[in-house]
**Student:** 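Below you will find the structure I want to go over with you.
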Amino acid sequence: MDERNTPMRSYQVCNVMEANQNNWLRTRHIPRDGAQRVYIEIKFTLRDCNSLPGVPGTCKETFNMYYYESNNPNLWFIKESQYVKIDTIAADESFTQTDVGDRVMKLNTEVRDISNLSKKGFYLAFQDVGACIALVSLRVFYKKCPTAVLNLAQFPDTVTGGDSALVEVRGSCVNDSEEFEAPRMYCSADGGWLVPIGRCVCKPGFEESKDYCQPCRPGTYKASSMDGYCSKCPPHSYSHQEKASECECEKGFYRADMDPRSMACTRPPSVPENPISTLNDTSVTLEWSPPRDSGGRGDVTYNIHCRKCPGDGRKCSPCGSGVHFLPRQFGLSMAKVLVSDLLSNTNYTFSIEAVNGVSDLSPTLKQQVTVNITTGQTVSVILKERKSKDSITLAWQGPDRPNGAIVEYEVIYYEKRDQNYTVLKTKSNVMTVEGLKPGTTYVFRVRARTDGGYGSYGGEIELETSHEGELPPACTCLCLFFIFIYHRPCVLALSCFIASCSEGISKIFMLSLMVSTFTCCRHCGYIKAKQDPDEEKMQFQHGRVKLPGSRTYIHPHTYEDPNQAVRDFAKEIDASSIRIERVIGAGEFGEVCSGRLKLPSKREIYVAIKSLKAGYSEKQRRDFLSEASIMGQFDHPNIIRLEGVVTRCKPVMIITEYMENGSLDTFLKKHDGQFTIIQLVGMMRGIASGMKYLSDMNYVHRDLAARNILVNSNLVCKVSDFGLSRVLEDDPEAAYTTRGGKIPIRWTAPEAIAYRKFTSASDVWSYGIVMWEVMSYGERPYWEMSNQDVIKAIDEGYRLPAPMDCPVVLHQLMLDCWEKSRSERPKFGQIVNTLDKLIRNPNSLKELANSSIWEDPTTPEFSVSSVDEWLDAIKMGQYKDNFSSSGYVTLDSVLYISLRCRTNVMPFNYLLVSLIIPFLFLECLVTLRISPFWD
Ligand code: ACK
């Protein structure tokens, strides 16, 4: 019975009373089952010899355990000597008579093992040599390492090795995975796995999930088994099916062979812009601006295609190998090439195309911008000459199609006999060469020069001076005719001609009339021909023709879910690609910092980072991000460019291009008086161009002011500040409240202030104010006048006077922008055109709006000899006493005011005057660019 009084069976032997016992108990054949090491657990009881009364000394308290390895499962006899001894087993606890009486069993458990088995099985045997034992149970077992999956490799059930050796096991990769490094593990003797080596990785299109590989979901992909997890399809690509190992490109977008699958799909670049040619006789330098849209790639290069058109009616043909391109014709990385060895006097068309790594994948034709040039403006015909004994007068016809205005002609001549030549220059196409020898033959050639350089010489003409006493030939009249038709109005030319020719007048008259008409018409035609290409060029370079179906701005409020607008128009940027470097200012919603952005496969760029401060409300977040969803819709060199947003982690950020010179108003104040007028007009042109783009997209800015223009290191101005929060809604204070502050009264058109009529025309009004800010280097419009006074003054017709040194044309443009009736204000497109014309013709900027008052008192309008006269002239006669009592009795002393004004030291009485009649006096104050309220 065991401890619980349950009867149990056992093998017993207890021949203790007799000596020389040798009793054997043997198992049947036990299959090894692959095990090399087998454990044997025996449970037994053993009687204490001392507790047996009268037992001889031969009584034992141990027994022996043996095994015999054999492939034969049916051995019925094994010799004693064949057994291998495992151990002599002694009991930890033996029991006594008392125990027997108490029926308490003292069960011993002993475990032994045998290793390095190699045959099919073995037999176990127990030898009793005279003990009193009962074998209660025998358990024979081996150990194994259980099935396991580690590092995506599956390891099978593995029987442990013999003799405590580790068993090396090769794992097999789970479904949809492949070997990265052969997976191995060691099965230890006690059945545990040790030292995992190698691993499997999920195949492309699958990602690891615990111990198996699961397919990538639609919209995600995994290109390489080396990538850990499925990633979202890169921009402009998609995957509709599971298990995608790459995402397909959207229509119109492509992926080059060498592009990593993680890269956004890209498209061919847009056309190169602003081509410029600089011609020098038979070579030309072509330059252009990179395409506005690089297609999303950084590998844009340029190819030049060249065709020549002889201009004699023959067809154009490829230029051939005679023309040379430096550095090369195809695959240019710089936007510049020198083309040399062109034929003279030939029309050439150069087509410049931008290509990138996916251009060849796109079925659409590559867009090209073309440049036409005409080489060597040869002055082909010397029309006629007039000779005397010591002079020759030549008249020639200018080039048919000059490639620019002719700057001058060069006449080269030499005496035929000695070939020492002389070069003369003239702006007209007539020249009298004097000091020649009588009766001598001279050779003449003429060539023209334009801004593009010299053309080639026309053909030679040999002329001989008259001999002493010889009269000029009668047909000199024809020469004079040509001279005059090129230099006088046609009528005058004709009358001169009639007066100077007596012979054959009727014939020549008819002929001349025809030529004259032809020439005059050609002249008119020339003017037109000169203007049209110019116009075209300007349109081409700067005009943004609104194409049918071109984009219109979408207000984020039209979205039910404003977050969708952000997703649609702003790229989400991973915060880890941004490095914030320093704080550069404070925005409405939080700090503005500068830093760097490094996007995959893009160059690192400097960026400005606006962040949304902590503790914001949902509305603030929406308003903050609305700027990004507006800005993200624009793509123009004069509109601040959105790089993207960070919305998936905090702080929420808006990333834009970095503008090194910050906001325009501060920038101008810092550089007061340091720019040329062309630079200032260039800035204004940029702003106007950005505003034209916005108005073409039907976007009304409402807060155009120099403080909302940013300037980069190249002085390029860009319109910024597109937040929604300043847009006025149903607030009763609306007209005066914006961003918790005021409507920018000084910048806002009267109709927008009065009844919130914000339109592109009201933006034009603001633009006029920005022009004024630019020309006055950041002066505050209307100085310190109160907003109410400004509204009143504007209503009464007052307009800001021209700032100091402001060209009259620019002030006029400002005044046009401030037309009360908004329909009479110019459109942004017209403003851009006007400024372009001024840039091309800087002379038009020479006349200053206010120079006459201060710098030229002798002009009829301001010819004054005393202070009183001067005050009368500027309609301030009633303040004569104020001036004289303050000691300003001479004009010099008034000029001294100007000097003091310039240094901002304003005499008090002068201030008083300006306070009393601010608007009459503003004109002269502005001339000095001073505020009447300083000091
Ligand atoms: O006048 P600033 O230097 O130019 O100070 C303000 C400040 O941040 C708060 O708006 C500057 N700022 C804003 N956006 C940019 C940008 N994209 N690049 C450079 N500076 C910027 C602005």
Side-chain angles (χ1 to χ4, degrees), residues 569-571 573 577-599 602-613 616 620 623-646 651-672 674-675 683 686-687 689-691 693-694 701-726 738-742 744 747 769-770 773-774 776-781:
F569 298 123
K571 186 169 66 183
I573 288 181
S577 20
I578 301 164
R579 185 144 50 100
I580 297 180
E581 286 177 335
R582 64 192 173 90
V583 178
I584 52 173
E588 184 196 343
F589 292 97
E591 279 171 348
V592 184
C593 301
S594 64
R596 292 169 206 228
L597 171 69
K598 173 74 188 82
L599 290 175
K602 290 254 172 86
R603 258 184 295 143
E604 183 175 73
I605 52 167
Y606 286 98
V607 286
I609 304 145
K610 282 189 184 179
S611 50
L612 177 58
K613 56 183 166 242
Y616 53 83
Q620 281 172 318
D623 285 351
F624 175 72
L625 286 174
S626 69
E627 176 159 25
S629 35
I630 296 172
M631 217 189 302
Q633 298 183 45
F634 304 140
D635 178 15
H636 188 272
N638 298 104
I639 305 289
I640 193 86
R641 190 180 125 78
L642 176 73
E643 293 297 340
V645 290
V646 176
V652 174
M653 295 186 260
I654 297 178
I655 319 295
T656 62
E657 66 179 308
Y658 181 62
M659 301 291 284
E660 295 81 352
N661 281 316
S663 51
L664 178 62
D665 60 337
T666 324
F667 176 66
L668 287 170
K669 283 178 202 151
K670 206 159 111 197
H671 298 278
D672 192 356
Q674 292 177 9
F675 298 118
M683 292 182 203
I687 303 166
S689 174
M691 288 307 297
Y693 174 83
L694 294 182
H701 189 288
R702 301 183 176 210
D703 197 6
L704 179 59
R707 64 181 169 279
N708 289 330
I709 304 293
L710 291 166
V711 189
N712 73 9
S713 54
N714 296 324
L715 286 196
V716 177
C717 290
K718 305 200 182 195
V719 181
S720 77
D721 200 10
F722 298 99
L724 270 191
S725 56
R726 65 194 156 81
T738 173
R739 283 189 185 175
K742 296 260 165 58
W747 283 264
I769 304 288
V770 173
E773 290 183 278
V774 172
S776 60
Y777 282 93
E779 179 58 276
R780 179 168 165 73

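All values below were derived from every heavy atom in this structure, side-chain atoms included, with hydrogens, water molecules and symmetry-related copies excluded. As the structure lists them, so they are numbered: ligands from 1, and atoms in each ligand from 1.
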**Student:** For atom 21 (C) of ligand 1, state whether the nearest protein heavy atom is under 4.0 Å away.
**Tutor:** yes
**Student:** Report, in ascending order of atom number, the atoms of ligand 1 lying under 4.0 Å from any heavy atom of Ala608.
**Tutor:** 15 (C), 16 (C), 17 (N), 18 (N)
**Student:** When you measure from atom 5 (O) of ligand 1 to each heavy atom in Ile584, Ile609, Leu710, which option holds the nearest one?
**Tutor:** Ile584
**Student:** Any chance you could lay out the side-chain contact (heavy atoms from CB on, under 4.5 Å) test for Val652 and Val645, step after step, and finish with the verdict?
**Tutor:** CA-CA 7 Å; Val652 174; Val645 290; over 6 Å; no
**Student:** Determine whether any heavy atom of Ser720 lies closer than 4.0 Å to an atom of ligand 1.
**Tutor:** no
**Student:** Look at atom 7 (C) of ligand 1 and say which protein heavy atom is nearest, naming residue and atom and giving the distance to 0.1 Å.
**Tutor:** Gly585 CA, 3.9 Å
**Student:** Using a cut-off of 6.0 Å, state whether more than 12 heavy atoms not belonging to Tyr606 lie near its atom OH.
**Tutor:** no
**Student:** In terms of atom number and element, which parts of ligand 1 are under 4.0 angstrom from non-hydrogen atoms of Thr656?
**Tutor:** 17 (N)
**Student:** Name the closest protein heavy atom to atom 8 (O) of ligand 1, giving the residue it belongs to and the distance to 0.1 Å.
**Tutor:** Val592 CG1, 3.6 Å
**Student:** Under 4.0 Å from any heavy atom of Gly662, which atoms of ligand 1 are there?
**Tutor:** 3 (O), 4 (O)
**Student:** Parallel, tilted or perpendicular: which describes the rings of Phe634 and Tyr693, with under 30° parallel and over 60° perpendicular?
**Tutor:** perpendicular
**Student:** Go through ligand 1 atom by atom and flag the ones less than 4.0 Å from a non-hydrogen atom of Tyr658.
**Tutor:** 18 (N), 19 (C)
**Student:** Measure the shortest side-chain to side-chain distance between Phe722 and His701 over non-hydrogen atoms and say whether it is less than 4.5 angstrom.
**Tutor:** yes
**Student:** Restricting to non-hydrogen atoms, name the atom on Lys610 and the atom on Phe624 that form the minimum distance, rounded to 0.1 Å.
**Tutor:** O-CZ, 3.4 Å
**Student:** Would you say that Glu773 contacts Leu664 through its side chain, given a criterion of any heavy-atom pair below 4.5 Å between the two side chains?
**Tutor:** no
**Student:** State, with a plain yes or no, whether a side-chain heavy atom of Leu668 is found less than 4.5 Å away from one of Val774.
**Tutor:** yes
**Student:** Please work out which of Met659, Glu657, Lys718, Lys610 has its closest non-hydrogen atom nearest to atom 17 (N) of ligand 1.
**Tutor:** Glu657
**Student:** Please write down residue, atom name and distance for the protein heavy atom closest to atom 4 (O) of ligand 1.
**Tutor:** Ser663 N, 3.3 Å
**Student:** Any idea which atoms of ligand 1 are less than 4.0 Å away from a heavy-atom of Thr666?
**Tutor:** 1 (O)
**Student:** Please name the pair of heavy atoms, one in Asp703 and one in Pro744, separated by the smallest distance, quoted to 0.1 Å.
**Tutor:** OD1-CG, 3.3 Å
